[in-house]
Amino acid sequence: MPTKKTTPDFILMIVTFMLLAVGLTMVYSASAIWADYKFDDSFFFAKRQMLFAGVGIVAMFFIMNVDYWTWRTWAKVLIIVCFVLLLLVLIPGIGNVRNGSRSWIGVGAFSVQPSEFMKLAMIVFMAKFLSEKQKLITSFRKGLVPSLGLVFLAFGLIMLQPDLGTGTVMVGTSVVMIFIAGARISHFVWFGVAGLAGFVALVLSAPYRIKRITSFLDPWEDPLGSGFQIIQSLYAIGPGGLFGLGLGQSRQKFFYLPEPQTDFIFAILAEELGFIGGSFVILLFALLLWRGIRIALGAPDLYGSFLAVGIIAMVAIQVMINIGVVTGLMPVTGITLPFLSYGGSSLTLMLMAIGVLLNISRYARY
């Protein structure tokens with residue numbers, strides 16, 4: 001058993017709390033107008049986000065003190081439970097429909113999104129599989145097919161909701177882990193071709209996805225329809241300039257940018273805090289990824305390394321896609337910005353994942 005350090009990674013913890021503080025502030029700033037109009041309470045979303053943050057912080061500190069190889073023992077149980085939840089959420093009367101997706105289980109605002117927790121469960125399971133079967137990962141039939149087969153099974157269930165954004169993050173994270181484990185690039189090429197064909201089929205199977213692609217290429221072709229959200233996002237970012245309009249002074253949150261406290265919260269942040277504020281948040285994410293990479297490199301065993309790589313990959317992919325969408329570099333997808341966007345399942349999951357990373361740091365040699 002590795003020798004435990006006395007304290008977890010202090011820098012990682014501080015950066016996490018700084019991102020969380022920025023997120024709570026911006027959730028209130030972005031949502032106050034809409035919350036006051038819809039619920040007659042400008043703190044409606046902020047209070048719930050603070051509650052989710054409190055639950056997440058408690059979970060983070062608890063998990064931080066649970067030896068990370070404990071999750072290796074429970075990996076199969078966790079993945080099975082998440083698969084069961086993904087099946088349950090598809091049943092009418094159990095799964096709740098929001099914005100066209102049957103992705104939530106629960107009552108009212110206090111619902112959980114099983115697909116979010118599948119992302120972390122998949123990381124835990126893949127870390128176990130890859131650490132035990134690393135020598136087989138170069139084999140197409142014995143290594144790559146079983147690992148990606150499980151990933152695409154989960155992806156298929158998530159797409160039945162449908163939730164392309166969450167599914168994309170899960171698949172992307174798993175691919176990064178498998179690549180780091182030593183899979184052959186030639187095998188990835190074949191899977192890449194098949195995956196691209198499948199992605200095209202998914203896009204063509206749903207008219208709203210085709211509109212998202214076309215609006216991404218030219219949002220002004222349909223400014224009041226499929227291109228509306230990205231245009232309003234760019235209208236928010238542009239006037240922000242170098243220093244922003246000032247905290248709380250956004251114009252786009254006045255019913256122009258739909259639900260600005262969720263996926264497009266970075267647009268409001270850039271409008272109010274400007275290029276400086278946006279760059280500061282990106283710098284915090286870069287620091288978080290740097291500490292995560294150091295932890296992965298210093299982990300005392302393969303399982304810890306793969307686990308850390310998976311968590312960091314998940315965060316990095318979500319950040320890149322979310323900011324890419326908000327700035328018009330990628331088609332619109334329903335992916336939250338970690339620690340900043342409103343959403344209980346997403347925030348709780350991220351804090352739990354950081355708890356795992358902090359525990360690994362207590363054993364890492366760096």
Side-chain angles (χ1 to χ4, degrees), residues 18-57 96 98-101 103-104 106 108-113 116 163 165-166 169 228-237 239-240 244-274 277-278 280-282 284-285 315 318-319 321-328 332-351:
M18 290 178 71
L19 285 168
L20 189 58
V22 173
L24 290 172
T25 302
M26 291 311 304
V27 164
Y28 170 71
S29 180
S31 67
I33 302 301
W34 174 247
D36 186 61
Y37 169 77
K38 189 172 183 180
F39 301 103
D40 198 27
D41 179 6
S42 61
F43 287 91
F44 180 85
F45 294 106
K47 287 188 294 187
R48 280 159 175 74
Q49 190 74 346
M50 289 180 68
L51 177 60
F52 298 141
V55 172
I57 290 172
N96 298 328
R98 295 182 189 175
N99 299 322
S101 297
S103 303
W104 285 264
F110 298 100
S111 302
V112 295
Q113 194 172 359
E116 286 286 342
D163 186 356
T166 302
V169 172
F228 181 79
Q229 201 165 19
I230 184 60
I231 290 174
Q232 298 306 317
S233 176
L234 295 176
Y235 280 163
I237 296 171
L245 303 178
L247 185 62
Q249 301 304 309
S250 166
R251 302 186 188 112
Q252 290 302 105
K253 66 185 180 184
F254 282 84
F255 312 113
Y256 293 103
L257 185 60
E259 298 195 41
Q261 73 277 7
T262 55
D263 301 343
F264 281 79
I265 196 168
F266 188 79
I268 303 300
L269 184 146
E271 183 183 14
E272 295 188 347
L273 304 181
F280 176 71
V281 168
I282 293 174
L284 289 178
F285 279 119
V315 175
Q318 283 200 211
V319 170
I321 294 179
N322 181 276
I323 295 180
V325 167
V326 168
T327 55
V332 175
T333 55
I335 295 179
T336 58
L337 185 60
F339 308 107
L340 271 72
S341 294
Y342 173 79
S345 296
S346 176
L347 181 58
T348 304
L349 167 91
M350 283 296 168
L351 289 171

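Note: hydrogens, waters and symmetry copies are ignored here, and every other heavy atom, side chains too, is used. The structure presented is a predicted model; accordingly, all values stated were derived computationally and were not measured.
The CE atom of M26 lies 13.5 Å from the CG atom of L19; values are rounded to the nearest 0.5 Å. Put simply, CZ on F264 and CD1 on I237 are 9.0 Å apart, with the number rounded to the nearest 0.5 Å. The distance from atom OG1 of T166 to atom CD of Q318, rounded to the nearest 0.5 Å, is 7.5 Å. In this structure, the separation between CG on L347 and CG on L340 is 9.5 Å, given to the nearest 0.5 Å. Here the CD1-CG distance, from I230 to L257, works out to 9.5 Å after rounding to the nearest 0.5 Å. One distance of note links CG of L51 with OG1 of T348; it measures 8.5 Å at 0.5 Å rounding.
When all heavy atoms of Y342 and F52 are compared, the closest pair comes out as OH-CE1, 4.1 Å. Between I265 and G23, the shortest heavy-atom distance links the atoms CD1-O, 4.5 Å. Minimum interatomic distance between I268 and A30 (heavy atoms only, all atoms of both residues): CG2-CB, 4.0 Å. Contact record, P338 with V315: CG-O, 4.2 Å, taken as the closest heavy-atom pair.
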Let me see the working for D263 and V325 under side-chain contact (heavy atoms from CB on, under 4.5 Å), right down to the final yes or no.
-> CA-CA 9 Å; D263 301 343; V325 167; over 6 Å; no

Given the rule in the side-chain contact (heavy atoms from CB on, under 4.5 Å) test, do S42 and Y28 qualify, once you have shown the distances and angles that lead to the verdict?
-> CA-CA 8 Å; S42 61; Y28 170 71; 4.0 Å; yes

Stepwise side-chain contact (heavy atoms from CB on, under 4.5 Å) test for F339 and L351 = CA-CA 8 Å; F339 308 107; L351 289 171; 4.0 Å; yes

Given V319 and L337, is the side-chain contact (heavy atoms from CB on, under 4.5 Å) satisfied, shown in steps?
-> CA-CA 6 Å; V319 170; L337 185 60; 4.3 Å; yes

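No more than 12 heavy atoms of other residues, nucleotides or ligands shown are found within 6.0 angstrom of OH on Y235.
With hydrogens and angles disregarded, no donor-acceptor distance shorter than 3.5 Å links the side chain of K253 to the backbone of Q261. No side-chain donor-acceptor contact under 3.5 Å links S233 to the backbone of Q229. Put simply, the side chain of E272 never gets that close to the backbone of G244: no donor and acceptor are under 3.5 Å apart. Looking at T262, its side chain does come within 3.5 Å of a backbone N or O of E259 through a donor-acceptor pair.
Every side-chain contact (heavy atoms from CB on, under 4.5 Å) that S346 has, sequence neighbours left out, goes to E116, T336. With sequence neighbours left out, P239 forms a side-chain contact (heavy atoms from CB on, under 4.5 Å) with R251.
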All N/O donor-acceptor pairs, side-chain side in residues 31-38, below 3.5 Å, sequence neighbours left out:
{"from": "S31", "atom 1": "OG", "to": "V27", "atom 2": "O", "distance (Å)": "2.5"}

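There is a side-chain donor-acceptor pair under 3.5 Å between Q113 and D163.
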